[in-house]
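Reckoned from all heavy atoms, side chains included, excluding hydrogens, waters and symmetry mates.
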Amino acid sequence: MPELPEVETIVADLRPHLVGRTIVRCELRFPSIVRHPEPEVFIDSITGLTIEGVGRRGKFILIPLGEGRLLVVHLGMSGQLRLVDAATEIANHTHAILDLDDGRQLRYRDPRRFGRLLLGTEDELLTSGTLPRLGPEPIDPAFDAEQLFQRLRRRRASLKAVLLDQGTVAGVGNIYADESLHRARLRPDRLAKSLSRKSVRRLHESLRDSLEVAIRNRGSSVDTYRDAWGEIGNQQESLLVYGRAGEPCMTCGRPLSIVRIAGRSTVFCRRCQR
DNA sequence: CTGGGCTCCTGCCCGC
DNA sequence: TGCGGGCAGGAGCCCA
């Protein structure tokens, strides 16, 4: 599933191809994938606008289109944003097609339809609640361990639940929550507020390391994740715990445990993580 | 306010 | 071989 590293890979790949292109036509094959504004308004508004940038905030893809307008794409569980030649056969579950002025198409495909498209000014999307308030970017150099400590100390919930909360830190999902906690040698069910500054420093560094390594490896294709060209990533081959329940811990060899925390399957080592 | 649980949805895997 | 059930999960929403 696309988390920060997967979204970052897509965004970095698309940017040089999309900036400067004009959207000449928009087709919604499954209109309710657009959550704001009404689909007809979305089509009318987006047609003719020129792409000024391609960015990311947490797991959200942000595409400024001029006139203060922002196209927002969230991939949910199974969303794919692909740049293809217009002649390419249309895959099933393709819900939106943006025709560009260079003969290519930006297509949104999402079998499970947990993803969404939004269009509006940033203020409009924030005040309407369609774009949630997000915590800091974990890989931002300005985000330091002390900031993480201050955020964790106020939270009664488990570390796993807090890492998954996009309002605490933006962009971490089930894969990199488990990976970070393993690297930091912290149990996922530890209460966030119970961590010492020293432990939080370790978690801060582990978060950053897990995410940056995954970006270098172009993300994890453990399920349906594909990049903008339809290719898989490589990080799934190097994951320490995610998807490895029952297999030996890379550090101590003990079989990895799997439990359910915050409604998510959670894999960790009972010996290495305290 | 906070945290936990339910819901949406399809594909995949397992067992009969 | 085919089919049904269970499971996976991001995040909005509701409720205690």
Side-chain angles (χ1 to χ4, degrees), chain A residues 1-8 10 28-36 56-62 72-81 90-96 108-118 120 125-135 137-138 150-181 188-194 211 214 219-226 230 232-233 235-236 239 241-246 256 258-268:
Chain A
M1 53 252 46
E3 302 181 24
L4 188 155
E6 290 75 28
V7 175
E8 180 62 31
I10 292 170
L28 298 179
R29 298 164 59 94
F30 190 89
S32 64
I33 204 72
V34 172
R35 302 300 175 81
H36 184 93
R56 179 191 62 75
R57 181 78 174 85
K59 302 174 195 170
F60 290 83
I61 297 168
L62 306 178
V72 178
V73 181
H74 193 291
L75 301 173
M77 279 287 299
S78 58
Q80 298 173 355
L81 199 56
I90 297 173
N92 59 347
H93 305 298
T94 299
H95 305 314
Y108 182 71
R109 174 174 188 264
D110 187 0
R112 285 177 221 183
R113 283 189 252 139
F114 281 14
R116 68 208 71 208
L117 306 184
L118 312 168
L125 297 175
L126 281 171
T127 50
S128 68
T130 50
L131 194 60
R133 301 207 169 272
L134 298 171
E137 290 292 325
Q150 293 302 333
R151 284 173 177 269
L152 296 187
R153 67 182 293 198
R154 286 182 257 135
R155 303 295 300 272
R156 203 170 291 281
S158 66
L159 277 177
K160 174 71 180 259
V162 170
L163 288 179
L164 291 177
D165 176 5
Q166 302 300 298
T168 302
V169 166
V172 179
N174 209 32
I175 297 174
Y176 301 106
D178 281 7
E179 294 295 300
S180 304
L181 289 168
D189 57 356
R190 273 277 293 274
L191 292 190
K193 62 187 295 187
S194 77
L211 296 168
S220 300
S221 292
V222 290
D223 192 7
T224 56
Y225 168 70
R226 296 291 183 279
I232 63 170
Q235 180 62 25
Q236 66 279 4
L239 295 176
V241 288
Y242 184 88
R244 298 191 62 246
L256 294 170
I258 183 163
V259 294
R260 220 159 166 83
I261 302 175
R264 298 286 171 261
S265 56
T266 301
V267 183
F268 70 106

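Residue contacts shown for A:Pro2 are absent, as no nucleic acid heavy atom lies under 4.0 Å away. Residue-level contact check: A:Arg116 touches the backbone only, with heavy atoms under 4.0 Å from sugar-phosphate atoms and none from bases. Among the atoms of the strands shown, base atoms are found under 4.0 Å from some heavy atom of A:Met77.
Counting atom types as modelled, A:Arg264 pairs a side-chain N or O with a base atom of C:dG10 as donor and acceptor under 3.5 Å.
Distances shorter than 4.0 Å separate some side-chain N or O of A:Ser265 from OP1 or OP2 on C:dG9. Note on A:Arg260: a side-chain N or O is less than 4.0 Å away from OP1 or OP2 of C:dA8. For B:dG11, the OP1/OP2 oxygens have a side-chain nitrogen or oxygen of A:His93 closer than 4.0 Å. OP1 or OP2 of C:dA11 lies within a sub-4.0 Å distance of a side-chain N or O belonging to A:Gln166.
Take A:Phe268 and apply the ring-ring contact (aromatic ring centres under 6.0 Å, His included) test, not counting sequence neighbours, and it matches no residue.
The distance from atom CE of A:Met1 to atom C1' of C:dA8 is 8 Å, rounded to the nearest whole Å. Rounded to whole Å, the distance from NZ on A:Lys160 to P on B:dG3 is 16 Å.
Remark on the helix from B:dT2-C:dA16 to B:dC16-C:dG2: inter-end axis angle 50°, axes from five-pair C1' superpositions, rounded to 10°.
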